[in-house]
Protein chains: 2
Amino acid sequence: MEKNLKIINACDTNCPVKKSLDILSGKWTMMILYQINTRTIRYGELKRAVVGISEKMLIQELNSLVERKLVSKKAYPEIPPRVEYKLTELGVKTLPIIDQIAAFGLENLV
Amino acid sequence: MEKNLKIINACDTNCPVKKSLDILSGKWTMMILYQINTRTIRYGELKRAVVGISEKMLIQELNSLVERKLVSKKAYPEIPPRVEYKLTELGVKTLPIIDQIAAFGLENLV
DNA sequence: TTAGGTACTTACTAAATGGTTAGAAATATT
DNA sequence: AATATTTCTAACCATTTAGTAAGTACCTAA
């Protein structure tokens with residue numbers, strides 16, 4: 001028995017919680033995933049749904065989410081422009097997390 | 001039908017996701033909850049378990065978690081000091097969230 | 001010709017967060 | 001007498017993140 005066997009699941013670089021948070025942290029990230037959810041949604045709708053977010057932050061988050069493969073983006077070559085976002089297969093897998101977070105808020109935070 | 005009936009669960013101040021994140025966001029918060037989990041743990045153990053955290057951040061987070069009623073603290077009047085932390089009833093209710101986050105990391109992030 | 005709609009971009013500023021270092025307190029051990 | 005132990009505090013600085021405000025592009029309708 002080594003003395004450090006006590007720490008079985010220490011949070012180092014391999015910690016699954018840390019890895020998930022690398023992707024999911026950020027003031028707006030989970031709220032955006034929550035709003036996209038199972039639907040296809042346009043940029044403007046999302047902007048109205050995520051009350052208080054600035055255009056800069058919304059675009060920045062969306063680009064980042066697309067880069068991280070949680071969200072996919074489809075732009076139609078129209079004027080005025082039309083861009084649709086939806087969750088990827090990987091993004092859909094975050095929904096159980098979001099559901100738990102929403103449930104916790106509903107049940108415990110007034 | 002009003003035109004804004006479309007936005008049924010908009011993320012404004014009453015959004016349960018937003019409310020939960022107010023409490024749970026922060027670089028170290030969920031990792032600390034993950035490490036405390038169902039056990040009673042001393043400050044020093046926690047420091048070793050959450051690899052990379054500074055003493056300042058750990059104490060700051062713990063104080064904040066105690067204030068938010070997610071963690072309870074018991075200090076023994078001994079020298080050298082001994083302080084134990086564990087999750088409150090409310091804190092335990094965050095574990096399903098943490099479990100989902102850990103599962104997501106394990107299954108999807110290398 | 002002017003205004004409106006949609007999806008962005010850019011430059012700048014402000015605020016929140018995190019890190020480093022040093023130290024304090026009280027006792028036991030060397 | 002000096003050192004170690006354990007938990008925690010304070011001052012200061014650096015970095016990261018978020019917010020503000022303005023502008024761009026292109027076409028349509030008034």
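Computed from heavy atoms alone, side chains included, the values below leave out hydrogens, waters and symmetry copies. Everything numeric here is computed off the predicted structure, so don't read it as measured data. Letters A, B, ... mirror the listed sequences (proteins, then strands); counts begin at 1.
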Would you say B:Lys86 and B:Val71 make side-chain contact, with heavy atoms under 4.5 Å?
no
Quick one: A:Leu58 CG to D:dG19 P, roughly how many Å, whole number?
12 Å
Once you round it to whole Å, what is the distance between P of D:dT24 and CD1 of A:Ile59?
17 Å
Between the side chains of B:Glu55 and B:Lys47, is the shortest nitrogen-to-carboxylate-oxygen separation below 4.0 Å, so that they form an ion pair?
yes
Given atom CD1 of A:Ile32 and atom P of D:dA18, what is their separation to the nearest angstrom?
10 Å
State, without any angle test, whether A:Glu84 and A:Tyr76 hold a side-chain donor-acceptor pair at a distance under 3.5 Å.
yes
Spell out protein contact along nucleotides 11-17 of chain C as letters: B when the base is contacted, S when just the sugar-phosphate is, - when no protein heavy atom is under 4.0 Å; keep the 5' to 3' order.
B------
Phosphate OP1/OP2 of D:dT9 contacted by B:Asn63 side-chain N/O (<4.0 Å)
yes
Rounded to whole Å, CD of A:Glu78 lies from P of D:dC26 at a distance of 16 Å
Determine whether more than 12 heavy atoms belonging to other residues, nucleotides or ligands lie under 6.0 Å from atom CD of B:Glu67.
no
What nucleic acid atoms does B:Glu55 come within less than 4.0 Å of, heavy atoms only: base, sugar-phosphate, or nothing?
base
Could you tell me how far apart A:Ile53 (CD1) and D:dA18 (C1') are, to the nearest whole angstrom?
10 Å
Can you tell me how far P of C:dT6 sits from CD1 of A:Ile41, to the nearest Å?
14 Å
For B:Lys73, answer base if it contacts any base atom (sugar-phosphate contacts may also be present), sugar-phosphate if it contacts only those atoms, and nothing otherwise; contact means non-hydrogen atoms under 4.0 Å.
sugar-phosphate
Mapping A:Ser54 and A:Pro80 onto DNA chain D by nearest heavy atom, which one lands closer to the 5' end?
A:Ser54
Measure the distance from CD on A:Glu61 to C1' on D:dT16 and round it to the nearest whole Å.
13 Å
Would you please confirm or rule out a distance under 4.0 Å between OP1 or OP2 of C:dA7 and any side-chain N or O of A:Arg42?
yes
How long is the line joining CG of B:Leu62 and C1' of D:dT7, in whole Å?
11 Å
When all nucleic acid strands are considered with a 4.0 Å heavy-atom cut-off, which category describes B:Tyr85: base, sugar-phosphate, or nothing?
sugar-phosphate
Chi angles and distances behind the side chain to side chain contact (heavy atoms under 4.5 Å, CB included) call for B:Tyr43, B:Ile59:
CA-CA 9 Å; B:Tyr43 170 82; B:Ile59 297 273; 3.4 Å; yes
Using side-chain heavy atoms (C-beta onward) and a distance below 4.5 Å, is B:Asn108 in contact with A:Thr94?
no
hydrophobic_cluster_shared for B:Ile36 and B:Leu90, side chain cutoff 4.5 Å
yes
